[in-house]
There are 2 protein chains.
Amino acid sequence: MFTFDQLAGFIAVAEELHFGRAAERLNMTQPPLSRQIQRLEKIVGAELLERDNRKVQLTHAGQAFLEEARRLMALADRAPVTARRIASGRSGLLRIGFTAASGLSILGPLLEEISGILPDVDIDLQELVTGEQISGLLTGELDLGLARPPFNDEVFDSHLLYSESMMLAVPENHPLTELNREVRAEDFKDEPLIMHSPTQARYFYDLVVRALPISHSNVVHTVSQILTMVSLVAAKRGVAFVPHSATFLGIQGVRFLPLQGGDNEAVELHAIWNRKVENPALARLLRDIEFSME
Amino acid sequence: MFTFDQLAGFIAVAEELHFGRAAERLNMTQPPLSRQIQRLEKIVGAELLERDNRKVQLTHAGQAFLEEARRLMALADRAPVTARRIASGRSGLLRIGFTAASGLSILGPLLEEISGILPDVDIDLQELVTGEQISGLLTGELDLGLARPPFNDEVFDSHLLYSESMMLAVPENHPLTELNREVRAEDFKDEPLIMHSPTQARYFYDLVVRALPISHSNVVHTVSQILTMVSLVAAKRGVAFVPHSATFLGIQGVRFLPLQGGDNEAVELHAIWNRKVENPALARLLRDIEFSME
DNA sequence: CGTCATTACGGAATGCGTAATGATA
DNA sequence: TATCATTACGCATTCCGTAATGACG
């Protein structure tokens, strides 16, 4: 295989069409340059330069090889730069998981802040429930998650992004909308309930069950996505407990009522990541970001 | 700058994720491979492999650099092949000039034969009068011409492609079309004549003047292109002497009549090229072609 | 103590620069 | 004879392989 020095030598001679000047440009003497070209031609297996003792000229093969040589040199020059950019986290790919609800509120401002810090980093977004994010972070398929507790603090580092209160979602024109005060447990004891899945949306399920006296006989649906919940409420299938950010969904026919004791901002959203940070882009992000979105 | 050996070493290690096996694959021992990678990393300016004494793993920068390294190796492998193909004339570019009349007859079959011999050669076609072809061949802007004599035999080599007879082009319904015999000089002594330019189409001009008694007072137009001539005949501006292949033009309103003594096939078309053949594709063509198109 | 990457060291090969040669106008 | 590419030769550097070292399970 030829060497980059040989390529550089050939390019210089091809451009100068003069061994002496080319050698000068390369800060060397003619003889080694002459030998470089000879070796290169032998390796390539074709005459690249036609040299009459008076003038130097590119052959057709030499013209074609010159293009390839320039491409090679350009690629070789750029490759380390790319690698260093990625190593420093200024380039690369950041894969972020987020829950449907966080997509409505925090995701936009967060992405804006990230792209300010890492302008050349490609960002891969996936809507995933917390459990899927956790396993993605463990296998390395994900770099950062926007998810809800609980998660293993030994494996994951995290930052609380915000807390919000739970609301009661009811159909428009439902009697409870006339209440004009916080909804109490006895107010919905006879209402059909749309509940969270205790497995798929364990966080919400536990939160609701812990905070409110739920009659399980009233549960008419068990779902895992907040969007599904609100849609079912709009279809008048029952009432549901949702985080405040569900109000951003903008679904028609649903009203959101405050819950008594619901203003304790119990619903948390965290940015979480594997403590063993492997992606330099994530390392740089964590170094520079202020988790200060309102 | 790094070397191709370093790149090959890095690719092998990145694929095997094991210095020992990679070294084996490269027919060398581990220590120099280890040093190659170290040097490469130093040159690149980023850690490419994370090596724990138990396992080897690519860093993100390493993954990106691996792609670049593969591209470089592939390009470097292909470049000499391309150069050799062009040197042997199996690839490259062949620039051919042709006269308008030859475009109607010989050009098609000739191109078919050429592309059979040089399937990977790009062919550049330009319609040019003989004089333009000659200068193109001299400056190297053209590799091969399809042109008419005379040309300098010391500079150009040539091959007679075919001879054809001259015809008299007359407008439809012209009295001469009733003749039903070869046209003689006295038949057109009073006809308006469309003649060739003595400078731009010297070959035809000389040929006609030498063979036929022309009354220059009858000349109403002097043009250089056969297509122009035939168009003027169709417009009933006069009669003209054209080579037989002009019948292929398919212009409406023109009849072609045989000339007395015109069947001596005096109009020649030659393939001509500079004796100093520089284009390998032309060299290969001349080696393999049978100039045997009917 | 076995595995596997890295450092230590001696020898061969590569490749530079200086000097000589050759070829051409 | 001047110019310019090429060959000749001596020396420094590079880079391999073998051997020794070091770290980790």
Side-chain angles (χ1 to χ4, degrees), chain A residues 1-59 61-63 65-66 69 72-73 76 80 276 278, chain B residues 1-59 61-62 65-66 69 73 76 80 276 278:
Chain A
M1 177 63 64
F2 45 81
T3 70
F4 284 104
D5 282 350
Q6 287 164 358
L7 291 180
F10 171 65
I11 291 171
V13 176
E15 282 174 3
E16 300 285 347
L17 293 177
H18 190 291
F19 277 72
R21 284 194 297 275
E24 196 176 355
R25 202 170 101 178
L26 296 165
N27 297 313
M28 64 192 296
T29 55
Q30 293 96 324
L33 179 58
S34 194
R35 288 183 303 239
Q36 274 187 352
I37 304 294
Q38 287 167 26
R39 269 183 235 118
L40 180 61
E41 285 180 320
K42 191 160 186 176
I43 292 165
V44 170
E47 198 180 42
L48 302 174
L49 293 161
E50 199 144 17
R51 33 240 205 260
D52 185 278
N53 268 10
R54 219 63 198 169
K55 68 169 178 285
V56 178
Q57 223 179 337
L58 275 170
T59 65
Q63 284 172 26
F65 193 78
L66 176 59
L72 274 164
M73 291 301 280
K276 210 163 101 272
E278 296 198 329
Chain B
M1 179 62 67
F2 44 82
T3 71
F4 284 105
D5 282 350
Q6 288 164 357
L7 291 180
F10 171 65
I11 291 171
V13 175
E15 282 174 4
E16 299 286 347
L17 293 177
H18 190 290
F19 277 73
R21 284 195 296 276
E24 195 175 355
R25 203 170 100 180
L26 297 164
N27 296 315
M28 64 192 296
T29 55
Q30 292 95 327
L33 179 59
S34 193
R35 288 183 301 240
Q36 272 188 352
I37 304 295
Q38 287 168 25
R39 269 182 237 119
L40 179 61
E41 286 180 321
K42 191 161 187 175
I43 292 165
V44 170
E47 198 180 43
L48 301 175
L49 293 161
E50 198 144 19
R51 35 243 206 256
D52 184 278
N53 268 11
R54 218 64 197 168
K55 68 168 178 287
V56 177
Q57 224 180 336
L58 275 170
T59 64
F65 193 78
L66 176 59
M73 291 301 282
K276 210 161 103 274
E278 296 198 329

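Because only heavy atoms are used, hydrogens play no part in the values below, and waters and symmetry mates are left out as well, while side chains stay in. Quick caveat, the model's predicted, so the values are computed rather than measured. Lettering of chains follows the sequences in order, A, B, ..., and the numbering in each one begins at 1.
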Problem - Single hit among A:I43, A:L33, A:I37 for side chain to side chain contact (heavy atoms under 4.5 Å, CB included) with A:Q6 - result: A:I43
Handout entry: Contact check, side chains of A:R25 and A:E15, non-hydrogen atoms, under 4.5 Å
Key = yes
Problem - Distance in angstrom units between A:Q6 CD and C:dC16 P, rounded - result: 9 Å
Problem - d(CZ, B:R21; P, C:dA5) in whole Å - result: 8 Å
Practice task
State the CG-CG distance between B:L58 and B:L48, to the nearest 0.5 angstrom.
Solution key: 8.0 Å
Exercise for the section: Please find out if less than 6.0 Å separates the ring center of A:F2 from that of A:F10. Expected result: no
Problem - Length of the CD-P vector between B:E24 and C:dA5, whole Å - result: 12 Å
Completion exercise
The reported gap from CZ in B:F65 to OG1 in B:T59 (rounded to nearest 0.5 angstrom) is 10.5 Å
Handout entry: A:M73 side chain near A:I11 side chain, heavy-atom distance below 4.5 Å
Key = yes
Handout entry: Atom pair CD (B:Q36) and CZ (B:F19), whose distance is rounded to the nearest 0.5 Å
Key = 10.0 Å
Practice task
Calculate the interatomic distance between A:L26 atom CG and C:dG17 atom P; express it in whole Å.
Solution key: 10 Å
Problem - For atom CD of A:E50 and atom P of C:dT24, their distance in whole Å - result: 14 Å
Problem - 4.5 Å side-chain heavy-atom contact, A:L49 and A:Q57 - result: no
Problem - Close side-chain approach of A:H18 and A:V13, heavy atoms under 4.5 Å - result: no
Practice task
Could you please name the option among C:dA25, C:dT18, D:dA5 that lies closest to any side-chain atom of A:T29?
Solution key: C:dT18
Exercise for the section: Name the nucleic acid region contacted by A:R39, choosing base, sugar-phosphate or nothing; use a 4.0 angstrom heavy-atom cut-off, strictly under. Expected result: sugar-phosphate
Handout entry: For atom CG of A:L33 and atom C1' of C:dT18, their distance in whole Å
Key = 16 Å
Completion exercise
Axis-to-axis angle for the helix from C:dC1-D:dG25 to C:dA25-D:dT1, ends of five pairs each, to 10°, equals 20°
Handout entry: 5' precedence on DNA chain C between A:T3 and A:Q30 (nearest-nucleotide basis)
Key = A:T3
Handout entry: Under 4.0 Å protein heavy-atom contact, by nucleotide of nucleotides 7-13 of chain D - B base, S sugar-phosphate only
Key = BBB----
Fill in the blank from the handout: The answer to which of A:M28 and B:L17 contacts DNA chain C further toward the 5' end, by nearest nucleotide, is B:L17
Fill in the blank from the handout: From CZ of A:F4 across to C1' of C:dG15 the rounded distance in Å is 18 Å
Problem - Gap between atoms NZ and P, on B:K42 and D:dC15 respectively (whole Å) - result: 13 Å
